[in-house]
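Proteins get letters first, then strands, A, B, ... in listed order; numbering begins at 1 in each. From a predicted model like this one, the values you see are computed outputs, not experimental measurements.
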There are 2 protein chains.
Amino acid sequence: MDLRRLRYFVAVAEARSVGKAAERLRMAQPPLSVQIRKLEAEIGAPLFRRGTRGMDLTEAGQALLARASEALALAADGAEAARAVAAGKRGRLSVGYMFVLANAVLPRLIPELRRSIPGVDLDFAELSASTREARLLDRSVTVALCMPAIHHPEIQVARIGAEPFMLAMPIRSPLARLGAVPMAKLQGRPLIALPWPDHDPASSAVAALLRRHQIVMPIASRVETVHSAMSLVLAGEGLAILPACAQLGAPRGIVFRPLRDATDSIDIAVCWRRDSQSPLIRTFLKCAEKAVAPL
Amino acid sequence: MDLRRLRYFVAVAEARSVGKAAERLRMAQPPLSVQIRKLEAEIGAPLFRRGTRGMDLTEAGQALLARASEALALAADGAEAARAVAAGKRGRLSVGYMFVLANAVLPRLIPELRRSIPGVDLDFAELSASTREARLLDRSVTVALCMPAIHHPEIQVARIGAEPFMLAMPIRSPLARLGAVPMAKLQGRPLIALPWPDHDPASSAVAALLRRHQIVMPIASRVETVHSAMSLVLAGEGLAILPACAQLGAPRGIVFRPLRDATDSIDIAVCWRRDSQSPLIRTFLKCAEKAVAPL
DNA sequence: CTCAACCCATATGTTTTCGGTATGCCAATG
DNA sequence: CATTGGCATACCGAAAACATATGGGTTGAG
């Protein structure tokens, strides 16, 4: 069963004439006649009544016509849908994000995305530092908003911004009275550390910052999320050095202060599989850049 | 867009491998690979991700797969439906019948039809003597139960039975006392005549009957239907010579009596267009014969 | 580290099928 | 009887599909 035959069949049925249909199909009449007869042979029954004034569907032909025109429409629609998905006009984009960025970026990013790619279903998933690579690699998220960037040979990274580090402390802390905290004041104070997933904690941005200023802060706790870090800070367990944007999700009772002399910052990046050919990624990147710009 | 390509595409998508799909399709692997690439070229986007362990649908491919498998099913179903209609297992049969036969034949015929061709939609239309030919010729009925048969070069006829003529009269008529009415008693009595559509009324079966017995009955009225004839008989306008089966639809107050010495009968026939190739006609004919047999 | 296995892609020749042109047949028309 | 209109058939050249042979990449075992 060839789709071309069905197309010809529908054309002849509508034109009620082989000649007229051939004209509309921009082909000669004889081959069309042959194709119709082949279709009839394939079905095993006449589909048209040949009269002296053209052709007329038999009942078997009518039964076929209903399905055939629908099948044609479906096939055309399938091709169109596939093109639309490939062009990024339809489809699904699953966006992963790390919790730190949720409050700072998502409120700007989501409306931007909906405006840019209205036909696309979006879904969002929070990523933890430990699973974000796997989620990209197994394609359960297409694109991820990360801080800092992921380093992996299969994963492509675009840096879209950076956040300075700030010191998070309880509002009652004596350091909170200062406008900006000199690095020296941190010496010896307990630190709530995050495992930035550069695997080796010593190489993390915070560790590097402290090492460069020759400050030693004993690690009071090591936690997975910014969330937990702030809870421990609030409980008086220690101080945390966090990207500025964490401020937006901070509970009452925590204050952030800039670190004087510390120009270090941590990258905000968009990451995706290098082999992912989704055209939505480019659009996503533009939206993300726009959403991050004011920071 | 070729249906074969879609079939190949679905096979590869399901097998998640060109080689496996080729095996299932009983063909070599390279041409299948080529066909898939041609489909991708036609769509204008990759439909599969080629991995080292087979192929995997892209999102565009998924969008196509949904429609493609549906289109395939629809096309197959269309062919099957056309075959079923051609074989008389499905479809529509419109049956015309003349009023005289309604009471005698339809109650047996309809259940018989439903049993024989359960997948077929039946519809019934009452035919008048004057339109029955036209209804067959323009195909608004496929098959007609007629009394008597239609004579027309385009119309084929099968005689399935015959009904003797009887005399219809008011119950109070003196003739009603006789068990069988001798033809001679009809001499000079007014007749309610029907225009059996052999166009020339003189050639109708009733006229022939009277002529053969050398009886003259003045025509009191000429009416279109058996119905009307019986009404006029009841009103005392005259007598009518009707097929025996008309008895079943007769109003109270009318009695039927056999005509002694008159062995004439009128055919019950099934008629259809000579060029109608519907296989339902044969089945209908069998059912009609069975329904008429006990008469 | 090399080798075999696996799987998809490409190349080439043969066969099938399709579309075009020329023509025949039949019925309706004048 | 000739003409017209419409579908069917015959034949030929072109295009497409399939099969066989082969290349290249990755995986996994020895």
Notebook entry, point to check: For Ser33(A) and dA8(D), is the shortest distance between a side-chain N/O and OP1 or OP2 below 4.0 Å?
Noted result: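 Answer is yes, contact under 4.0 Å.
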Under 4.0 Å between a Lys/Arg side-chain N and an Asp/Glu carboxylate O for [X] and [Y]?
| X | Y | result |
| --- | --- | --- |
| Asp275(A) | Arg49(B) | no |
| Glu23(A) | Lys20(A) | no |
| Glu70(A) | Arg67(A) | no |
| Glu42(A) | Arg5(A) | yes |

Quick test: give all pairs of protein nitrogen or oxygen and nucleotides 13-18 of chain D nitrogen or oxygen below 3.5 Å, distance rounded to 0.1 Å.
unit_1, atom_1, unit_2, atom_2, d
dA17(D), OP1, Arg5(B), NH2, 3.0
dA17(D), OP2, Lys38(B), NZ, 2.6
dA17(D), O5', Gln35(B), NE2, 3.4
dC18(D), OP1, Tyr8(B), OH, 2.5

Checklist line | Side chain Asp2(B), main chain Arg4(B), donor-acceptor under 3.5 Å | finding: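 Looks like yes, one N/O pair under 3.5 Å.
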Between [N] atom [atom2] and [X] atom [atom1], what is the distance in whole Å?
| X | N | atom1 | atom2 | value |
| --- | --- | --- | --- | --- |
| Ile36(A) | dG6(D) | CD1 | P | 17 Å |
| Asp56(B) | dC8(C) | CG | P | 12 Å |
| Arg7(A) | dC18(C) | CZ | P | 14 Å |

Out of curiosity, [X] [atom1] to [Y] [atom2], how far, rounded to the nearest 0.5 Å?
| X | Y | atom1 | atom2 | value |
| --- | --- | --- | --- | --- |
| Ile36(B) | Phe9(B) | CD1 | CZ | 7.0 Å |
| Glu59(B) | Arg90(A) | CD | CZ | 14.5 Å |
| Trp272(A) | Ile155(A) | CH2 | CD1 | 11.0 Å |

Notebook entry, point to check: Base, backbone or nothing for each nucleotide of nucleotides 21-30 of chain D, written B, S, -, heavy atoms under 4.0 angstrom, 5' to 3'?
Noted result: B----SS---
Next item on the list: Could you check whether Gly54(A) gets within reach of a base, just the sugar-phosphate, or nothing at all, counting any heavy atom under 4.0 Å?
Entry: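 Since only primed, P, OP1 and OP2 atoms lie under 4.0 Å of Gly54(A), the category is sugar-phosphate.
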